[in-house]
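To keep things clear, I will list the structure first and then write my remarks on it.
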Amino acid sequence: ILTATLKSLGKAVAEGICPHFPYGRKDLFHIVKVKQIKTFPEALAACGQGEGCEVCKPILASILAGLWNDNILTNGRDQIQDTNDRFLAN
């Protein structure tokens, strides 16, 4: 409703999850799957810009973990997780 109202008022509406990725979560999931992207830097190079933020890093970490089922602490993935629990004790 909000998006439709803003568009009807002539306002610009951002469709992406953050300024670094102009795509929604569902679109990012499909892009990562089709292009077989395995890391956050690959995702930035393929469909994003900048260095990432506190919004897009955990979203991409979740997508990567869900698609490829790799250990989330390998290949620098621990840096993009939305947790400070490096031992996964919880």
N/O donor to acceptor pairs below 3.5 angstrom from side-chain atoms of residues 17-32, sequence neighbours left out:
unit_1 : atom_1 : unit_2 : atom_2 : d
Arg25  : NH2    : Ser62  : OG     : 2.9

Would you confirm whether Trp68, through its side chain, and Ile37, through its main-chain N or O, come within 3.5 Å as a donor-acceptor pair?
yes
Distance col, row Leu60:CG vs Glu42:CD, nearest 0.5 angstrom, shows 11.0 Å
Applied to residues 7-23, the salt bridge (charged side-chain N to carboxylate O under 4.0 Å, His left out) test, sequence neighbours excluded, yields Lys7-Glu15
Residues Gly52 and Cys56: closest non-hydrogen pair is CA-SG, 3.5 Å
(message) Do Val55 and Val13 land in one hydrophobic cluster if side-chain heavy atoms of ILVMFWY residues count as linked below 4.5 Å?
(response) no
Heavy atoms of Lys57 and Phe40 approach each other most closely as CG-CZ, 3.7 Å
The reported gap from CG in Leu6 to CD1 in Ile1 (rounded to nearest 0.5 angstrom) is 12.0 Å
